[in-house]
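Protein chains get the first letters and strands the later ones, always in sequence-line order, with residue 1 at the start of each. Just so it is clear, the model here is predicted, and its values are computed rather than measured.
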Amino acid sequence: MSTKSVALIGTTAAGSATVTDTKARLGLLYAVEWKVGTLAAGVDAVLSVQTTESGVATTLLTLTNADASGWYYVRTLTHGEAGAALTGTAGGDRVMPVINGTLQLAITSGGNAKVGGAIVYYCE
Amino acid sequence: MLKSVRLNATTDALGDATTNDTLSRYGELYAVEWIDGTFDDGVGAVLSVQNTESGVAYTLLTLTAANDDAWYYVRRLQHDETGTALTGTAGGDRTRPIIDGTLRLVVSAGGDTKTGGAVVYYLA
């Protein structure tokens with residue numbers, strides 16, 4: 001698998017911005033680099049996958065008061081053969097979540113006419 | 001490479017449905033996205049592999065009362081050199097199951113003429 005990246009950078013209006021990727025992607029989420037830019041303190045953000053093969057949107061990462069730039073290596077729980085979630089308290093218990101659709105970053109409480117966003121790294 | 005296959009199901013008057021993939025696949029199961037669709041509460045589902053190289057069908061995932069859309073990152077127990085299963089209570093102790101055959105989704109107790117299914121993600 002090779003690692004690729006896609007930048008989702010937006011400019012807020014009345015504190016909010018929604019940035020949608022230009023195409024659908026199929027792969028595994030490796031990391032998210034949050035770039036606070038000029039966004040106001042108290043900014044929140046939700047990275048999700050829209051227009052999925054299943055028709056059900058999926059949230060990958062939810063940030064609250066993301067006032068500093070940072071890296072997030074998001075990993076999701078694994079399950080047994082009966083569908084029960086495994087312990088997952090340690091990072092080694094978790095795996096990269098699937099991306100199958102169009103990435104979307106929704107920013108709120110970011111202040112007016114401010115710029116920031118995320119770079120999404122994924123394996124395909 | 002990550003690939004996906006969608007298995008749609010429409011139940012009969014008894015609430016049952018069986019959906020077979022259109023071809024054989026060889027790879028490692030990465031995740032299953034269960035789509036509850038219009039199934040009645042109490043729906044059950046079994047994802048298995050048929051027409052295997054060994055001739056022995058096997059189950060990948062069994063769901064009971066699968067009343068909500070959900071993701072399952074199924075991982076199997078590992079073994080030592082004497083064939084004894086290792087601890088496997090944590091996700092990091094487990095590994096992706098093999099797919100070598102034709103995927104089959106069997107739905108039960110889903111209600112009369114209801115639709116739903118699953119998207120199966122695997123590494124090929």
I need the B:M1 CE to A:E124 CD distance, nearest 0.5 Å. 7.5 Å
What closest approach, in Å, do B:Y72 and A:H79 show between heavy atoms, and which atom pair accounts for it? CA-ND1, 3.4 Å
Treat each ILVMFWY residue as a node, draw an edge where side-chain heavy atoms are under 4.5 Å apart, and state whether B:V46 and B:W34 are in one component. no
Measure the shortest side-chain to side-chain distance between A:R94 and B:Y73 over non-hydrogen atoms and say whether it is less than 4.5 angstrom. no
Could you tell me which portion of B:L61 (side chain, backbone, both or neither) has an atom closer than 4.5 angstrom to a non-hydrogen atom of chain A? both
Below 4.5 Å from any heavy atom of chain A, which atoms of B:W71 appear? Answer side chain, backbone, both or neither. both
Hydrophobic cluster membership, with links at side-chain heavy-atom distances under 4.5 Å among I/L/V/M/F/W/Y: are B:V120 and B:F39 in one? yes
What distance do B:D69 atom CG and A:T58 atom OG1 have between them, rounded to the nearest 0.5 Å? 9.0 Å
Please determine, among A:L28, A:L26, A:V56, the option with the most heavy-atom pairs under 4.5 Å with chain B. A:L28
A:T78 vs B:R94 side-chain heavy atoms within contact, under 4.5 Å: no
Between the CD1 atom in A:I99 and the CG atom in B:L2, the distance rounded to the nearest 0.5 Å is 10.0 Å
Picking from A:A84, A:C123, A:P97, which has the most non-hydrogen pairs under 4.5 angstrom with chain B? A:P97
Shortest non-hydrogen pair, B:V74 vs A:E81, comes out as CG1-CA, 4.3 Å
I need the minimum non-hydrogen distance between A:S54 and B:E33, along with the two atoms involved. OG-OE2, 2.6 Å
Common cluster, A:V98/B:L103, ILVMFWY with side-chain heavy-atom separation under 4.5 Å: no
Contact class of B:L123 relative to chain A, heavy atoms under 4.5 angstrom: side chain
